[in-house]
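Working notes, beginning with the structure itself.
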2 protein chains.
Amino acid sequence: MNLKELASRLGLSPTTVSRALNGYPEVNEATRERVMAAAKRHNYHPNTRAIRLATGRAMAIGHVIPVATRHEIVNPVFADFIAGAGETYSRNDYDMVLSVVPDDQEEAAYRSLKSKGNVDGVIVHAPKMDDPRIALLHDVGLPFVVHGRATGTTLPYSWLDVNNRRAFQRATEFLLDLGHTRIALVNGLEFMDFAIRRRTGYVDALTARGIAPDPALMASDEMTEIAGYRAARAMLLRAHRPTAFLVASMISGMGVRRALEEAGLQMGRDISVIIHDDDLSYMKNGDAVPIFTATRSSVRDAGRLAAEMLLDIIATPNPVPQQRLLEAELIMGQSTGPCPRP
Amino acid sequence: MNLKELASRLGLSPTTVSRALNGYPEVNEATRERVMAAAKRHNYHPNTRAIRLATGRAMAIGHVIPVATRHEIVNPVFADFIAGAGETYSRNDYDMVLSVVPDDQEEAAYRSLKSKGNVDGVIVHAPKMDDPRIALLHDVGLPFVVHGRATGTTLPYSWLDVNNRRAFQRATEFLLDLGHTRIALVNGLEFMDFAIRRRTGYVDALTARGIAPDPALMASDEMTEIAGYRAARAMLLRAHRPTAFLVASMISGMGVRRALEEAGLQMGRDISVIIHDDDLSYMKNGDAVPIFTATRSSVRDAGRLAAEMLLDIIATPNPVPQQRLLEAELIMGQSTGPCPRP
DNA sequence: AATCGCCTTCAAACCGCTTTGGATGCCGCA
DNA sequence: TGCGGCATCCAAAGCGGTTTGAAGGCGATT
């Protein structure tokens with residue numbers, strides 16, 4: 001059942017039927033109702049491919065996922081972000097298209113998405129310092145929103161980010177207030193923008209209290225269980241071990257916990273831990289009582305909001321770049337306590 | 001730059017240019033090269049939307065992701081599957097479209113995908129017992145491949161699955177051989193087909209050795225850290241605690257480990273644990289030496305293979321249902337050992 | 001009564017590609 | 001010399017919608 005057939009059954013022209021269905025004003029209300037009823041009765045759904053060609057819009061948003069090397073976006077955080085963004089797209093009749101490409105072809109992927117007209121815009125994930133993708137998308141002319149920010153980029157662009165610096169600053173201050181002075185940072189890879197900001201927050205808080213950051217207590221690696229475990233273990237073996245840990249993610253946190261337990265240290269009593277909690281659906285930080293004290297910010301909400309921002313930009317004739325900074329909340333769990341006196 | 005313009009620049013008809021670019025035989029080789037060169041020079045990429053309308057094919061595969069209730073597909077396992085499938089799609093110039101929908105609208109989502117012509121086929125995730133989606137897709141006429149199987153369904157359909165029953169049977173036998181008799185099962189939700197099969201494997205292995213399965217040692221819940229922790233803790237508090245655990249996933253396994261450590265039990269010495277390891281990129285089970293002894297099967301490979309199967313089915317005129325059963329390997333880690341004599 | 005303007009509706013062009021059904025020219029062969 | 005056959009190329013008709021430009025009908029205004 002297509003438009004032409006539906007129209008002929010109704011004794012109307014395709015023009016009128018199309019307009020009736022799309023809510024244009026120049027059609028009689030009685031006619032519109034007749035058309036709507038017939039469309040429902042015959043289970044008519046306009047062909048997306050035809051709409052796309054006729055309107056010149058793809059009605060789809062792209063997400064490029066580079067794979068196959070050191071840093072992979074394919075992680076639990078990404079899954080939750082996608083879920084949030086996907087909800088927004090569905091509500092607005094947009095498709096979400098994921099392009100999984102070898103990471104040396106990421107740039108080509110964006111260009112191709114644009115020139116072949118597969119999408120109306122993209123969301124840029126995991127921005128790095130001086131991220132080249134921003135300039136690229138700028139001159140390709142593909143609307144985009146960055147999840148995060150890219151330090152060093154001068155071009156104006158739209159982004160949605162969590163205030164990572166402030167979150168880690170507050171967490172550090174909280175530990176300092178508890179009497180901790182040897183606070184370790186188990187950070188993500190520090191070419192990632194958010195990791196840089198987190199470190200800044202941590203360093204700022206320490207220096208504000210007159211404590212010189214100790215490079216031996218600052219690790220930077222992928223946010224996996226293994227990496228968290230390794231970093232924590234190495235630090236615990238040092239002569240002067242830290243009394244508190246600031247950890248980049250729930251998953252790294254599990255690794256840190258493993259190292260602590262292996263060392264016979266009890267979290268919350270012998271040693272304190274604060275993690276950053278993306279509030280992942282499959283990785284909840286406890287329920288009533290959080291396992292870890294944490295800086296929390298739902299990445300799923302971020303996905304929802306970033307998608308809304310992008311759709312808004314696409315719908316606007318001459319859009320101005322939009323920015324939005326979300327604050328993480330500091331939630332109390334069982335993993336922190338006063339620094340034990342030696 | 002579109003086909004018509006490119007053609008006129010070349011002094012050729014669009015027909016010939018189209019054929020030259022698509023490798024049809026009825027065009028002079030010299031002409032073809034001239035066309036190819038011009039296409040490259042002018043950076044011509046055919047408009048996907050037009051190709052789709054003209055050919056009647058969507059060149060896209062759909063994945064429907066239901067959200068917002070108890071069981072959510074949005075999990076790390078799903079992310080890895082998607083990554084695998086996405087690689088296959090990219091290689092074959094297909095788009096991957098994800099539909100995130102409230103789970104009471106899942107059926108409508110499939111129907112809409114079909115009637116609006118957004119995709120050429122779909123992959124069905126997380127099949128349940130007597131899964132209604134199989135009959136639905138059958139009569140809607142949308143090609144599909146199921147990741148897993150659906151016990152109770154009589155219709156023929158294509159699927160790709162891991163031999164979950166055998167994997168858990170082997171794992172159980174392995175523990176029995178080590179002298180364990182009180183073996184606990186921390187399973188996924190048992191309306192999920194794979195969870196049913198795993199339980200069957202476990203029960204079969206026990207009964208084959210004359211051991212009656214103890215309902216108190218069989219838990220079934222979501223595969224999260226929390227759920228794993230709760231199930232294990234409850235069992236450890238019983239008078240006759242288990243000496244070994246069989247756990248449904250890496251994440252549940254972390255929860256079980258937390259419970260064990262809380263109870264002061266050392267994995268591999270006081271108590272044995274075997275998990276199922278989907279070999280997730282961000283949830284590696286150790287590296288050189290696995291943390292957990294495990295039944296391992298890469299869900300990413302599964303994604304790759306399932307996608308290949310689907311593309312093959314779509315390309316075949318009168319396809320017959322395809323099946324493929326992957327075997328999990330049993331890998332030795334540090335979490336198992338002989339049953340300690342009391 | 002003629003004209004104007006609004007409300008409805010329609011025919012046809014268009015989006016950018018594929019594909020069918022010729023058309024043309026050239027060669028070889030009878 | 002005439003003709004079949006092959007190699008090339010093209011015009012035009014789709015694909016299934018949207019959108020422009022125009023037209024018919026009718027009440028209101030002059």
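Note: hydrogens, waters and symmetry copies are ignored here, and every other heavy atom, side chains too, is used. By convention in this document, chain letters (A, B, ...) are assigned in the order of the sequence lines, proteins followed by strands, and residues within each chain are numbered from 1.
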Checklist entry - Can the ring centroids of F78(B) and H125(B) be said to lie less than 6.0 angstrom from one another? => result yes

Item to check | OP1 or OP2 of dG16(D) under 4.0 Å from side-chain N/O of Y44(A) | outcome: no

Item to check | Sugar-phosphate, base or nothing in reach of R19(A), heavy atoms under 4.0 Å | outcome: base

Item to check | Length of the line joining R52(A):CZ and dT19(D):C1', which is rounded to integer Å | outcome: 20 Å

Checklist outcome for this item: K4(A) NZ to dC15(D) P, in whole Å, measures 6 Å

Next on the checklist: Please tell me if Y24(A) has a side-chain N or O lying less than 4.0 Å from either OP1 or OP2 of dT18(D).
Outcome noted: no

Next on the checklist: In this structure, how many angstroms lie between the C1' atom of dG17(D) and the NZ atom of K116(B), rounded?
Outcome noted: 14 Å

Checklist entry - When the distance from CZ of R34(A) to P of dT8(C) is rounded to whole Å, what number comes out? => result 14 Å

Checklist entry - Is a side-chain donor or acceptor of T31(B) paired with a backbone partner of V27(B) at a separation under 3.5 angstrom? => result no

Checklist entry - Is there a donor-acceptor pair closer than 3.5 Å between any side-chain N or O of T48(B) and the backbone N or O of K116(A)? => result yes

Checklist entry - Can the ring centres of H147(B) and F81(B) be said to be less than 6.0 Å apart? => result yes

Checklist entry - For dC9(D), does OP1 or OP2 lie under 4.0 Å from any side-chain N or O of T31(B)? => result yes

Item to check | From dT9(C), dT18(D), dG16(C), nucleotide with atom closest to A50(B) side chain | outcome: dG16(C)

Checklist entry - Once you round it to whole Å, what is the distance between P of dC7(C) and CG of L12(A)? => result 19 Å

Item to check | Residue S13(B), side-chain heavy atoms: nucleotide from dT18(D), dC10(D), dT9(C) that is nearest | outcome: dC10(D)

Next on the checklist: Under 4.0 Å, counting only non-hydrogen atoms across every strand here, what does R49(A) touch: a base, just sugar-phosphate, or nothing?
Outcome noted: nothing

Item to check | Touch class at under 4.0 angstrom, heavy-atom based, for L53(B) against every strand present | outcome: base

Checklist entry - Looking across every strand, which nucleic acid part, if any, lies under 4.0 Å from I51(B) by heavy atom: base, sugar-phosphate, or nothing? => result sugar-phosphate

Next on the checklist: Tell me the interatomic distance from N22(A), atom CG, to dG16(D), atom P, rounded to whole angstroms.
Outcome noted: 17 Å

Checklist entry - With a 4.0 Å cut-off on heavy atoms, is G11(A) in touch with a base, just the backbone sugar-phosphate, or nothing at all? => result sugar-phosphate

Checklist entry - Using a cut-off of less than 4.0 Å, is there contact between a side-chain N or O of N47(A) and OP1 or OP2 of dG17(D)? => result no

Next on the checklist: Whether S18(B) contacts dC17(C) is assessed here as follows: a side-chain N or O lying under 4.0 Å from the phosphate OP1 or OP2. Is that the case?
Outcome noted: no

Next on the checklist: Hydrogens and angles aside, do N47(B) and N2(B) bring a side-chain donor and acceptor to less than 3.5 Å of each other?
Outcome noted: no

Item to check | Spacing of E26(B) atom CD relative to dG5(D) atom C1', expressed in whole Å | outcome: 16 Å

Checklist entry - Tell me: CE of M59(B) to P of dG16(C), nearest whole Å? => result 20 Å

Next on the checklist: Closer than 3.5 angstrom, by distance alone: can the side chain of S112(B) be matched with the main-chain N or O of A108(B) as a donor-acceptor pair?
Outcome noted: no

Checklist entry - Quick one: the side chain of T15(B) and the base of dT19(C), do they pair up donor-acceptor inside 3.5 Å? => result yes

Next on the checklist: If you only use heavy atoms from C-beta on, which nucleotide in dC17(C), dC10(D), dT18(D) is closest to the side chain of N2(B)?
Outcome noted: dC17(C)

Checklist entry - Would you say a side-chain N or O of N28(A) is under 4.0 Å from OP1 or OP2 of dT8(C)? => result yes

Checklist outcome for this item: Looking only at dT18(D), dC15(D), dT9(C), the nucleotide nearest the A54(B) side chain is dC15(D)

